[in-house]
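Inspection log for the structure reproduced underneath, given as structure tokens.
For ligands, and for the atoms within them, numbers begin at 1 and follow the listed sequence. Numbers for residues simply follow the sequence, beginning at 1. Since the structure is predicted, the reported quantities are computational estimates derived from the model, not experimental observations.
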Amino acid sequence: MPRLPKLPAPPLPSALQAPPPRPGEGNGKVGPIDQAMEAGVTVVDWVDERTSLSGAARWLMFRKVPKGTNWFYTLGSATMFAFLSQAVTGVFLAMYYRPDPAGGAYESVRYVTNEVFLGQFVRGMHKWGSSVMVILVFLHMGRTFFFGAYKYPRELNWVIGVVLLILTMVMSFTGYLLPFDQRAYWATIVGVNINGTGPLIGPYLSDFLRAGPEFGATTLSRFYAIHMLLLPGAIAALIGAHLYLVAKLGTTAPPWLKAEKDPELRKAEA
Ligand code: HEM
């Protein structure tokens, strides 16, 4: 098989390139606007000289995308931004939340909602954001399915996606208990019992989730730890792997378009 020619590295975006000297410049005087414009370039240059990170950024961001790429391709990024929004709002909620089943959890959530400045807004963003993320992840999965993006060579990315889907739903499940009101309590008992009916691992799974023979303090702190430490870490790492594969393999062309060969490749094959 002929070796594929190496495509040249894409240029830096024009905003990060030093502007060419303008006529009349060169008299040693630099205006404040020029200085401000150059400041960004200088900072990027400074960091790049010490880290060579611009190479990685260019590898990640400057990609040829197939013809026919459309709005449905933004659903993966939309899911990622929903996750980031959940992470940021979750950090603020964690500043007030107490995983104490003897009234403390409920009281801390009541306090955030009613007393804290913008607390209701941040809690609302987190609560509605969780539904938005679940809806987006399903739409994104539908897009990749109907565009055939699960096929060779992207099977592994599909499998990582399936794990991300499961983790997203476990995130919703564990978060639902945290306000520790009547609805959260009874809905979680139902959910844990449903898990218990699963084959083979079901009973172990429900024991693990309950963290003891009965629902109580250990259940709540276990759900809290899973919700705010274990799952966000795992989801962030898997999104990293998912995006690495997207960047490495490129995205799939819509199935109704026949892929065009790159002229460079056609030349190499001739
Ligand atoms: C937290 C959840 C997820 C995030 C943040 C995420 C993010 C992304 C992003 C940003 C892309 C590239 C742009 C795009 O095609 O939309 C992508 C592509 C892809 N995702 Fe996801 N994804 C998630 C879940 C899933 C799920 C549940 C599946 C399937 C079970 C999946 C399968 C794929 C596949 C196969 C591709 C490659 C698409 C192509 O080559 O055209 N992802 N994902």
Side-chain angles (χ1 to χ4, degrees), residues 4 7 10 13 53 56-91 93-94 125-176 178 191 195 198 223-262 265:
L4 303 179
L7 297 172
L53 273 179
R58 274 190 265 179
W59 177 82
L60 188 71
M61 299 203 300
F62 288 83
R63 309 240 136 225
K64 290 185 187 267
V65 290
K67 252 192 188 161
T69 298
N70 55 46
W71 281 99
F72 293 112
Y73 285 73
T74 58
L75 288 166
S77 315
T79 315
M80 189 171 67
F81 280 104
F83 171 69
L84 291 178
S85 161
Q86 290 303 93
V88 172
T89 50
V91 166
L93 293 177
M125 276 184 74
H126 198 75
K127 204 173 143 109
W128 286 98
S130 69
S131 302
V132 169
M133 185 172 167
V134 171
I135 293 169
L136 285 173
V137 80
F138 272 104
L139 290 177
H140 169 61
M141 182 172 67
R143 195 293 277 171
T144 52
F145 178 75
F146 286 115
F147 283 46
Y150 55 85
K151 294 180 196 169
Y152 175 84
R154 300 186 180 80
E155 304 95 320
L156 183 60
N157 224 12
W158 175 266
V159 173
I160 294 176
V162 172
V163 180
L164 279 170
L165 176 75
I166 294 169
L167 294 187
T168 305
M169 293 202 297
V170 181
M171 202 65 176
S172 295
F173 178 59
T174 48
Y176 204 80
L178 302 184
N195 273 287
F223 269 57
Y224 186 42
I226 294 174
H227 184 78
M228 59 93 78
L229 291 171
L230 182 66
L231 291 181
I235 292 179
L238 286 172
I239 289 180
H242 201 63
L243 291 188
Y244 168 76
L245 286 182
V246 169
K248 188 159 173 55
L249 303 171
T251 48
T252 329
W256 56 86
L257 287 182
K258 203 165 160 10
E260 257 180 42
K261 265 204 184 135
D262 190 290
L265 294 183

Task: Straight-line distance of Q86 CD to H227 NE2, nearest 0.5 Å - done: 7.5 Å

Task: Any G250 heavy atom less than 4.0 Å to ligand 1 - done: yes

Open item on the list: Once you restrict to heavy atoms under 4.0 Å, what part of T251 touches ligand 1? Side chain, backbone, both or neither.
Closed with: both

Task: Angle subtended at atom 21 (Fe) of ligand 1 by NE2 of H140 and NE2 of H242, nearest 10° - done: 170°

Open item on the list: If we only consider heavy atoms of F83, is any one of them less than 4.0 Å away from an atom in ligand 1?
Closed with: no

TODO: Determine whether any heavy atom of F147 lies closer than 4.0 Å to an atom of ligand 1.
DONE: no

TODO: Considering non-hydrogen atoms only, spot the tightest contact between R154 and L249 and give its length.
DONE: NH2-O, 3.2 Å

TODO: State the NZ-OH distance between K127 and Y176, to the nearest 0.5 angstrom.
DONE: 6.5 Å

Task: ligand 1 atoms in contact with L243 (distance to a heavy atom under 4.0 Å) - done: 9 (C), 10 (C)

TODO: Measure I239 to ligand 1 on non-hydrogen atoms and call it side chain, backbone, both or neither using the 4.0 Å cut-off.
DONE: side chain

TODO: May I ask which of K151, M171, R143 has a heavy atom nearer to atom 38 (C) of ligand 1 than the others do?
DONE: R143

Task: Residue portion contacting ligand 1 (non-hydrogen atoms closer than 4.0 Å) for L249 - done: neither

Open item on the list: A side-chain contact here means heavy atoms from C-beta on lying under 4.5 Å apart; do M169 and F138 qualify?
Closed with: yes

Open item on the list: At less than 4.0 angstrom from any non-hydrogen atom of S77, what atoms of ligand 1 do you find?
Closed with: 10 (C)

Open item on the list: Test of understanding: given a 4.0 Å heavy-atom threshold, classify the contact between T252 and ligand 1 as side chain, backbone, both, or neither.
Closed with: both

Task: Stepwise side chain to side chain contact (heavy atoms under 4.5 Å, CB included) test for Y224 and L178 - done: CA-CA 7 Å; Y224 186 42; L178 302 184; 4.0 Å; yes

Task: For V137, atoms of ligand 1 separated by under 4.0 Å from a heavy atom - done: 2 (C), 24 (C), 27 (C)

TODO: Look at the rings of Y73 and F147 and say which category their plane angle falls in: under 30° parallel, 30 to 60° tilted, over 60° perpendicular.
DONE: perpendicular

